[in-house]
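One structure is given here, and the rest of the page talks about it.
All values reported here derive from a predicted model rather than from experimental measurement. Quick note: residue numbers are just sequence positions, from 1.
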Amino acid sequence: MRTQPTRSRLLAAVALLSFTATSVLGAALPGHDVHQLARRANSDPRLSGVTRIEDGQVEGIEQLLNRTATKSWEIGTHLAALLELSYPALSPFADSTSWARPSPSSSPAPTEILSNVAQILENQPSGQQQLVSDGSAADPASVGPFVVLANFTLDGDEQIGGRSKAQVDDAVQRQVDVLMNGTPRTPDGAISHRTEDVELWSDFMYMVPPFFAYLGAVTLNSTLLTEAYTQCALYRTHLRDERTNLWRHIDNSFPGGGGRADPGLWATGNGWASYGLLRVLATVVNHPDDGVVQQFASQSRDLAAWAGEIIEGTWAQPRTSQGLRHNYLNESRSFGDASGTALLSAATFRLSLLSRRFSTAAVNLTAPSSLALASAENSYRALVPARISLAGVVSPVVDPMSFREQLEGVKADGSGRSSPEAGAFVLLLEAARRDWVDENGGTEPSAVDAGVDGMWSATAGREHRLGAGGVAVVLAAALALVVGA
Ligand SMILES: *[C@@H]1O[C@H](CO)[C@@H](O)[C@H](O)[C@H]1NC(C)=O
Ligand SMILES: *[C@@H]1O[C@H](CO)[C@@H](O)[C@H](O)[C@H]1NC(C)=O
Ligand SMILES: *[C@@H]1O[C@H](CO)[C@@H](O)[C@H](O)[C@H]1NC(C)=O
Ligand SMILES: *[C@@H]1O[C@H](CO)[C@@H](O)[C@H](O)[C@H]1NC(C)=O
Ligand SMILES: *[C@@H]1O[C@H](CO)[C@@H](O)[C@H](O)[C@H]1NC(C)=O
């Protein structure tokens, strides 16, 4: 890469120092939620002998997210990552159906999620319908499932964030109400991603349908389950590019349209769309009530097929020399983006899992092709550990506030700018791949040809199996990469 040898040695020394410092400080810090989380995620016996992310990297991402995930969709994505990585039994992707019956006795209690929900409720201005203030109509809904979860884990006389259980219920209902009745729509009924005019963004797919679906599933409200599916169908009609099956980012060509269109095939947007479809799918197909499963059988097939279109479309596009996908998937002049690549890889593992588990005659789901699965594994190996510093900085990534630009001012130690959503996507990917490995008897997916990448990920892959000594070398290399990127 572009890093000079001397600079690389210097950085290696810095990395070793920071590695030591982190371990020493980590051991001495009180209130080490993050460390417990990392251990819970990684001491998993299912992962022994399998290439995986390092504890230190999970800790780094967690700490960075706790400090930097402040925008509505960043909080929602952070909480989803915590749930899927550390409380998988409470996620609709769980390998049982008990997720749909959360209760005050759910064990282990999702403490970090509950403390975040308490903050959300404390910060919500009184009278505001959105759970988090935002010009986006959709993004605040991304925290919705976690407020619903908190409600169900609350005893009748308990409070959270200064609100009684009845007030939490009311806050959720008001968020649903403003989306259903107080947000502009297209003539055919797609709810706008924005509050002020009619714009459909692929991002919407991760924010709103999974919220409607989760609330509908845990309160047995089929109006909401149906609305989740309907919004998915409408968004696909408007955003799908028929040539590639990938989704455009923003369509505003409607009466009352505003803002700026983006017809490009944005990687992260395709990640939002496919992962959103899969969260809705898991919610209906993995529901304990067989009536719900049967009622939504044909919709489930659609959701899997639509996620599959995006997934196959993605891996048919070129990869960069680093083994990443381009920020605009079919534009080989746009930079390689670790962020969108991570979410699209996570989606591929999730579709594989769901299609394998629910291949009954009634609900047969499309599986990803073996090429798609191998490409997701290739991407995983390109990302982990080489693209993540010990402080949890993922690089190179798209600027979360400016979708055409690469994020500048990134520093490996976390003191510069970073993308919270990228950190969360890496955790979602780790959780999805862990679950895949588990269901496949502890076997790693096979990657396609070795031409994934240049020296770093290849070295990283080998060193990764060498234990602690090798790990320090790899982390040093990763740090050099992040800084040099
Ligand atoms: C995040 O930090 C807060 C304190 O600011 C702490 O209460 C909380 O437990 C932390 N969450 C995690 C996941 O570390
Ligand atoms: C809150 O939880 C109660 C059960 O404890 C449930 O009846 C109610 O529908 C829930 N409301 C929301 C919005 O989740
Ligand atoms: C289902 O949810 C919708 C939207 O919040 C609500 O209007 C409706 O009353 C609910 N239905 C039932 C049976 O609770
Ligand atoms: C990428 O795909 C879009 C939609 O099909 C198309 O308009 C655009 O020209 C393509 N870009 C390149 C570089 O092929
Ligand atoms: C899946 O089920 C549907 C409806 O039962 C059927 O039409 C279709 O052929 C099935 N597909 C496969 C691959 O079995």
Side-chain angles (χ1 to χ4, degrees), residues 71-74 76-77 124-125 127-144 171-213 215-216 223-266 268-277 280 299 302-303 306 310 328 399-405 421:
K71 305 273 195 311
S72 60
W73 79 91
E74 294 171 346
T77 313
Q124 186 189 29
Q128 177 178 289
Q129 286 184 287
Q130 291 187 320
L131 287 164
V132 182
S133 313
D134 208 307
S136 166
D139 293 348
S142 68
V143 308
V172 172
Q173 300 302 346
R174 284 187 298 143
Q175 176 65 76
V176 173
D177 187 56
V178 68
L179 281 163
M180 292 285 222
N181 306 312
T183 304
R185 295 195 185 217
T186 60
D188 60 1
I191 300 172
S192 176
H193 184 78
R194 301 288 310 173
T195 56
E196 73 277 17
D197 54 32
V198 182
E199 300 175 43
L200 305 191
W201 296 44
S202 49
D203 313 42
F204 177 97
M205 292 292 298
Y206 184 93
M207 315 296 162
V208 175
F211 168 49
F212 286 171
L215 179 59
T223 307
L224 282 168
L225 287 172
T226 301
E227 188 65 18
Y229 170 81
T230 303
Q231 291 300 320
C232 292
L234 290 168
Y235 264 73
R236 174 174 171 273
T237 304
H238 293 295
L239 296 182
R240 186 170 71 104
D241 169 52
E242 290 189 1
R243 205 174 49 82
T244 57
N245 268 340
L246 294 166
W247 286 27
R248 293 179 284 271
H249 183 201
I250 304 172
D251 186 357
N252 63 355
S253 57
F254 306 100
R260 193 155 63 100
D262 180 10
L265 310 175
W266 187 40
T268 300
N270 279 281
W272 291 129
S274 53
Y275 211 82
L277 286 163
V280 175
Q299 287 93 331
D302 288 345
L303 293 164
W306 299 343
I310 296 176
Y328 281 84
D399 185 336
M401 303 305 292
S402 182
F403 42 76
R404 284 213 162 259
E405 316 293 328
E421 68 203 40

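- Rounded to the nearest 0.5 Å, atoms CZ (Arg236) and CD1 (Ile310) are 9.0 Å apart.
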When you look at Asp302 and Trp306, which way does the side-chain contact (heavy atoms from CB on, under 4.5 Å) test go after all the steps?
CA-CA 6 Å; Asp302 288 345; Trp306 299 343; 3.6 Å; yes
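- For the atom pair CG (Leu215) and OG1 (Thr223), the distance works out to 11.0 Å, reported to the nearest 0.5 Å.
- Distance OG1/Thr230 to CZ/Phe212: 10.5 Å, rounded to 0.5 Å.
- One N or O on the side chain of Thr195 and one on the backbone of Gly135 form a donor-acceptor pair closer than 3.5 Å.
- Residue Arg174 comes nearest to Gly127 through the heavy atom pair NH1-C, 3.7 Å, listed as atom of the first residue, atom of the second, then distance.
- Between Gln129 and Asp177 there is a side-chain heavy-atom pair separated by less than 4.5 Å.
- For the pair Val178 and Gln175, the tightest heavy-atom approach, listed with the atom from each and the gap, is CG1-O, 3.3 Å.
- Sorted by first and then second residue, the pairs that involve residues 173-203 and meet ring pair (Phe, Tyr, Trp, His ring centres under 6.0 Å), not counting sequence neighbours, are His193-Trp201, Trp201-His249.
- Counting heavy atoms from C-beta on, the side chains of Thr186 and Leu200 come closer than 4.5 Å.
- We find that Asp134 and Lys71 are not joined by a salt bridge, their nearest charged nitrogen and carboxylate oxygen being 4.0 Å or further apart.
- Side chains of Asp139 and Ser142: no donor on one and acceptor on the other come within 3.5 Å.
- A donor-acceptor contact closer than 3.5 angstrom links the side chains of Asn245 and Arg240.
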Checking side-chain contact (heavy atoms from CB on, under 4.5 Å) for the pair Arg260/Ile250: CA distance, chi angles, key distance, verdict?
CA-CA 8 Å; Arg260 193 155 63 100; Ile250 304 172; over 6 Å; no
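- Checking Thr268 against Glu421 by side-chain atom types alone, no donor-acceptor pair falls below 3.5 Å.
- Using a 4.5 Å heavy-atom cutoff, the side chains of Thr244 and Leu265 are in contact.
- Arg404 is listed as a side-chain neighbour of Tyr328, based on a closest heavy-atom distance under 4.5 Å.
- At least one side-chain heavy atom of Trp272 sits under 4.5 Å from a side-chain heavy atom of Thr77.
- Shown here are the ring pair (Phe, Tyr, Trp, His ring centres under 6.0 Å) partners of Phe211, two or more places apart in sequence or in another chain: there are none.
- Interatomic distance, His238 NE2 to Asp188 CG, rounded to the nearest 0.5 Å: 3.5 Å.
- Contact between Val280 and Cys232 at its shortest, heavy atoms only, is CG2-SG, 4.3 Å.
- The existence of a salt bridge linking Arg185 and Glu227 is confirmed by a sub-4.0 Å separation between a basic side-chain nitrogen and an acidic carboxylate oxygen.
- Checking side-chain atoms of Ser192 against main-chain N and O of Asp197 turns up a donor-acceptor pair under 3.5 Å.
- Residue Met207 holds its CE atom at 12.5 Å from CG of Leu179, rounded to the nearest 0.5 Å.
- What you find for Pro210 and Gly276 is that their closest heavy atoms are CG-O, 3.9 Å.
- Closest approach of Gln231 and Pro209 over heavy atoms only: CB-CG, 4.4 Å.
- The aromatic rings of Phe204 and Tyr235 lie parallel to each other, their planes meeting at an angle below 30°, with 60° marking the opposite boundary.
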Step-by-step side-chain contact (heavy atoms from CB on, under 4.5 Å) determination, Asp241 to Trp247
CA-CA 6 Å; Asp241 169 52; Trp247 286 27; over 6 Å; no
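- The CG atom of Leu239 sits 12.5 Å away from atom CH2 of Trp266, with the distance rounded to the nearest 0.5 Å.
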Might you work through the side-chain contact (heavy atoms from CB on, under 4.5 Å) test for Gln299 and Thr226, ending with a clear yes or no?
CA-CA 9 Å; Gln299 287 93 331; Thr226 301; 5.7 Å; no
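- The side-chain heavy atoms of Ser72 and Ser136, taken from C-beta on, include no pair separated by under 4.5 Å.
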